[in-house]
Amino acid sequence: MSPVISNLLLKSTAETFYMLGVSALIAAVVGIPLGILLVVTEKNGILACRLLNKPLAFVINMIRSIPFIILMVAIIPLTRLIAGTSIGTTAAIVPLTIAAIPYTARMVETSIREVPFGLIEAAESMGASPFQIIKKVLIPEALPSVIENITVVIVTLIGSSAMAGTIGGGGLGDLAIRYGYQRFQADVMVATILVLIVVVQLIQFIGSNLAKKANKK
């Protein structure tokens with residue numbers, strides 16, 4: 001592999017980490033509270049509110065039902081409005097984030113539902129407010145599962161970020177398409193796949209260890 005391709009591989013890897021980092025952070029900041037809201041505002045929830053729960057669930061399901069490659073194209077005007085362009089690494093973060101937020105919300109919802117209802121009842125019997133239950137019962141008890149599910153979201157984002165390369169989104173996907181596929185450079189394709197495997201293994205390792213540490217607390 002030539003030095004030029006090696007440099008491109010390093011640059012593309014850095015771009016992929018940039019896309020993952022920003023989109024995953026925003027998805028976690030927005031998606032985690034949404035996931036909690038889905039649980040606590042449902043019928044018989046500690047903050048039951050049908051007027052909030054149903055529309056929220058509908059919007060989340062609606063976005064999740066759109067395949068990522070279609071979502072990227074459909075929101076190009078919004079991407080241009082936010083990022084100033086519809087191509088490039090920064091532009092790719094917009095659809096990645098929009099796709100990741102509802103996915104994160106549903107994964108967090110699943111984690112919160114794993115908390116034994118008896119713990120919630122015990123907290124209520126001791127006079128804890130709904131917000132105290134969320135802060136001191138739901139989040140601490142669900143944290144290991146939340147970390148594991150966020151790890152799944154990030155790994156999924158890796159695949160989506162590679163797909164963003166089809167419309168010039170930058171990163172490893174763009175490199176694989178432009179050089180590995182369009183220019184028939186098999187070594188570039190193999191190198192890209194190997195880097196993606198290493199990235200996924202690294203993220204999974206970090207996520208699993210963080211979840212184990214949270215479980216011991």
Could you list the donor-acceptor pairs under 3.5 angstrom formed between side-chain atoms of residues 25-34 and any protein atom two or more places apart in sequence or on another chain?
none

Practice task
Go through the structure and list residues passing side-chain hydrogen bond (donor to acceptor under 3.5 Å, both in side chains) with Tyr103, not counting sequence neighbours.
Solution key: none
If you look only at distance, which donor and acceptor atoms sit under 3.5 Å apart when one is on a side chain in residues 66-79 and the other is two or more places apart or in another chain?
{"from": "Thr79", "atom 1": "OG1", "to": "Ile75", "atom 2": "O", "distance (Å)": "3.1"}

Problem - Contacts of type salt bridge (Lys or Arg N to Asp or Glu O under 4.0 Å), residue Glu141, not counting sequence neighbours - result: none
Problem - Listed partners of Ile206 passing side chain to side chain contact (heavy atoms under 4.5 Å, CB included), at least two apart - result: Leu202, Leu210
Handout entry: Residues in side chain to side chain contact (heavy atoms under 4.5 Å, CB included) contact with Thr110, at least two apart in sequence or another chain
Key = Glu114
Please table the atom pairs, donor to acceptor, closer than 3.5 Å between any side-chain atom in residues 46-53 and protein atoms at least two apart or in another chain.
{"from": "Asn53", "atom 1": "ND2", "to": "Leu38", "atom 2": "O", "distance (Å)": "2.9"}
{"from": "Asn53", "atom 1": "ND2", "to": "Thr41", "atom 2": "OG1", "distance (Å)": "3.0"}

Exercise for the section: Name all residues meeting the side-chain hydrogen bond (donor to acceptor under 3.5 Å, both in side chains) criterion together with Asn61; count only those two or more places apart in sequence or in a different chain, and write none if there are none. Expected result: Arg106
If you look only at distance, which donor and acceptor atoms sit under 3.5 Å apart when one is on a side chain in residues 157-164 and the other is two or more places apart or in another chain?
{"from": "Ser160", "atom 1": "OG", "to": "Thr156", "atom 2": "O", "distance (Å)": "3.4"}
{"from": "Ser161", "atom 1": "OG", "to": "Leu157", "atom 2": "O", "distance (Å)": "3.3"}
{"from": "Ser161", "atom 1": "OG", "to": "Ile158", "atom 2": "O", "distance (Å)": "2.7"}

Practice task
Output every pair passing salt bridge (charged side-chain N to carboxylate O under 4.0 Å, His left out) with a member in residues 153-165, not counting sequence neighbours, ordered by first then second residue.
Solution key: none
Handout entry: side-chain hydrogen bond (donor to acceptor under 3.5 Å, both in side chains) partners for Gln204, two or more places apart
Key = Ser208
Problem - Donor-acceptor pair between Ser111 and Ser145 side chains, under 3.5 angstrom - result: yes
Practice task
Just jot down the salt bridge (Lys or Arg N to Asp or Glu O under 4.0 Å) partners of Arg178, sequence neighbours excluded, or say none.
Solution key: Asp174
